[in-house]
Undergrad: 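My structure is below; once you've seen it, I'll send some questions.
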Amino acid sequence: MAAPRIFVNEMGGGQRDEEKADVESPTAKKSAQPEIRLSQWEMTAAFCVFFLFVIGLSCIYLTMPTAEYNKIIRLPRTLSDLRVLKGHIALYARDYQLRFILGYCSIYIFMQTFMIPGTIFMSLLAGALFGVVRGVALVVFTATAGASSCYFLSKLIGRPIIFWLWPEKLRFFQAEIAKRRDKLLNYMLFLRITPTLPNTFINVASPIVDIPFHVFFLATLVGLIPASYVTVRAGLALGDLKSMRDLYDVKTLVVLFLIGFISIAPTIMKRKRTYE
């Protein structure tokens, strides 16, 4: 390819300065960025994954015992919706526990995979229906499975989506990961335990910044336990919960950050010894 040529005239210097200013202007930078779109293969892959989930959920729905589905098949969006749903679904969950758990897990994983808001209400429902121990186990299992599913889906089609949704946050996350490659598990545990970054963002961004799946999986499995315990335990007293803000008061946030700092303590100590 031929080298670019520079034409110089009497006003060449001024012309080049104007061109340079145009290139460096925010508008020019924005227009210079390539438009990111999903390719046909990526669209096909996303549709196939979504279609498989829909088939699976439909099969589970068709095999469920007869009930008043208009009362129990709904996703709660507010605490009032959740209380009403819990009242309708409690007997059904008790009489058909295994089938209900299968349906619950499928819906939770589906929501996590496709970044559908509302999983916190599902976690509260688990506490209200199954108690602390079984509720935490169920939430941690489904949240980890859903996050893993989202990780692999993002590996297929996530790059254009995350560049479109969170470009600045992705650059920050990528820089932080690059600085902590030697203690990546500790850092990922800190992010999962504390509300520093949204879990949805972590699920989608992790494969983009080359976080290995085994690190992602282990950090998710262990790191979600404290927050899941808080949410599930709140589900036991669902009637006393006035707003979602009551879930994470100052005391709870302090405890979560304390646990998070403990998880990165080995990294801090190692860095201190290195400087000494």
Undergrad: I need the minimum non-hydrogen distance between P117 and M111, along with the two atoms involved.
TA: O-CE, 3.4 Å

Undergrad: For the residue pair I109 and F53, establish whether any side-chain heavy-atom pair is separated by less than 4.5 Å.
TA: yes

Undergrad: So, for I60 and G103, which heavy atoms are closest and what is the spacing to 0.1 Å?
TA: CG2-CA, 4.0 Å

Undergrad: If we only count heavy atoms from C-beta on, is the M115 to N203 side-chain gap below 4.5 Å?
TA: no

Undergrad: Measure the acute angle between the ring planes of F257 and F261, then classify it against the limits of 30° and 60° as parallel, tilted or perpendicular.
TA: tilted

Undergrad: May I have the list of side-chain donor-acceptor pairs in residues 238-247 shorter than 3.5 Å, sequence neighbours left out?
TA:
| residue | atom | partner | partner atom | Å |
| --- | --- | --- | --- | --- |
| S243 | OG | R245 | N | 3.4 |
| D246 | OD2 | K242 | N | 3.3 |
| D246 | OD2 | S243 | N | 3.3 |

Undergrad: Could you walk me through whether L79 and L124 pass side chain to side chain contact (heavy atoms under 4.5 Å, CB included), step by step?
TA: CA-CA 9 Å; L79 287 173; L124 287 167; 4.1 Å; yes

Undergrad: Same hydrophobic cluster for V54 and L102, using side-chain heavy-atom links shorter than 4.5 Å among ILVMFWY?
TA: yes

Undergrad: May I ask you to check whether over 12 heavy atoms, not counting those of L62, lie within 6.0 Å of atom CG?
TA: yes

Undergrad: If you measure from CG on D81 to CG on L125, what distance do you get to the nearest 0.5 Å?
TA: 12.0 Å

Undergrad: Hey, does the side chain of S149 reach the backbone of A145 with a donor-acceptor pair shorter than 3.5 angstrom?
TA: no

Undergrad: Applying side chain to side chain contact (heavy atoms under 4.5 Å, CB included) to E168 and R171, what does each step give before you reach the verdict?
TA: CA-CA 5 Å; E168 296 297 329; R171 280 190 282 271; 2.5 Å; yes

Undergrad: What are the two closest heavy atoms between S123 and V232, and how far apart are they?
TA: O-CG2, 3.8 Å

Undergrad: Where do L256 and P226 come nearest, in terms of heavy atoms and distance?
TA: CD2-CB, 3.7 Å

Undergrad: For the hydrophobic clusters of this structure (ILVMFWY residues joined by side-chain heavy atoms under 4.5 Å, transitively), does one cluster hold both F141 and L129?
TA: no

Undergrad: Tell me if the centroids of the rings in F152 and F216 come within less than 6.0 Å of each other.
TA: no

Undergrad: Nearest 0.5 Å, what's the CG-CD1 distance between L184 and I177?
TA: 5.0 Å

Undergrad: In Å and rounded to the nearest 0.5 Å, what is the OG1 to CG distance from T194 to L253?
TA: 10.0 Å

Undergrad: Is W166 close to F173 at the side-chain level, that is, under 4.5 Å between some pair of heavy atoms?
TA: no

Undergrad: Can you hop from F213 to L185 via hydrophobic side chains spaced under 4.5 Å?
TA: yes

Undergrad: Look at the aromatic rings of F50 and F114 and report parallel, tilted or perpendicular, splitting at 30° and 60°.
TA: perpendicular

Undergrad: Can L189 be reached from I264 by stepping across I, L, V, M, F, W or Y side chains whose heavy atoms are under 4.5 Å apart?
TA: yes

Undergrad: To the nearest 0.5 Å, tell me how far K155 NZ sits from I208 CD1.
TA: 8.0 Å

Undergrad: Mind checking whether F100 and F130 have parallel, tilted or perpendicular rings, split at 30° and 60°?
TA: tilted

Undergrad: Okay, side chain of Q112, backbone of A143: is any donor-acceptor separation there less than 3.5 Å?
TA: yes

Undergrad: Working note: Y108 + V139, criterion side chain to side chain contact (heavy atoms under 4.5 Å, CB included); need CA distance, chi angles, decisive distance, verdict.
TA: CA-CA 9 Å; Y108 200 117; V139 169; 3.9 Å; yes

Undergrad: Side-chain contact test, heavy atoms from C-beta onward, threshold under 4.5 Å: evaluate it for M188 versus S206 and give yes or no.
TA: yes

Undergrad: Linking I/L/V/M/F/W/Y whenever their side-chain heavy atoms sit closer than 4.5 Å, directly or via other members, would Y151 and L224 fall into one cluster?
TA: no

Undergrad: How long is the gap from OG1 on T220 to CG on L191, to the nearest 0.5 Å?
TA: 10.0 Å

Undergrad: Are any of the side-chain heavy atoms of D210 and R181 separated by less than 4.5 Å?
TA: yes

Undergrad: Do other residues, nucleotides or ligands put more than 12 heavy atoms under 6.0 Å from the CZ atom of R83?
TA: yes

Undergrad: Considering only heavy atoms from C-beta outward, does the side chain of L138 approach that of C105 to under 4.5 Å?
TA: yes

Undergrad: Give a yes-or-no answer on whether the side chains of S263 and Y187 include a donor-acceptor pair shorter than 3.5 Å.
TA: no

Undergrad: Can you tell me how far CG of L82 sits from CD1 of I120, rounded to the nearest 0.5 angstrom?
TA: 10.5 Å

Undergrad: Can you name the side-chain hydrogen bond (donor to acceptor under 3.5 Å, both in side chains) partners of T231, sequence neighbours left out?
TA: Y248

Undergrad: Side chains of S80 and T78: do they bring a donor and an acceptor to under 3.5 Å?
TA: no

Undergrad: Please report the closest heavy-atom contact between C150 and V204, naming both atoms and the distance.
TA: SG-CG2, 3.8 Å

Undergrad: Provide the closest heavy-atom pair for F190 versus T196 in the form atom of the first, atom of the second, distance.
TA: CE2-OG1, 3.7 Å

Undergrad: Would a distance-only check, ignoring hydrogens and angles, find a side-chain to backbone donor-acceptor pair under 3.5 Å from Y104 to A93?
TA: no

Undergrad: Do T252 and D249 pair up side chain to side chain, a donor and an acceptor below 3.5 Å, judged on atom types alone?
TA: yes

Undergrad: Hey, is the main chain of T144 close enough, under 3.5 Å, to the side chain of S148 for a donor-acceptor pair?
TA: yes

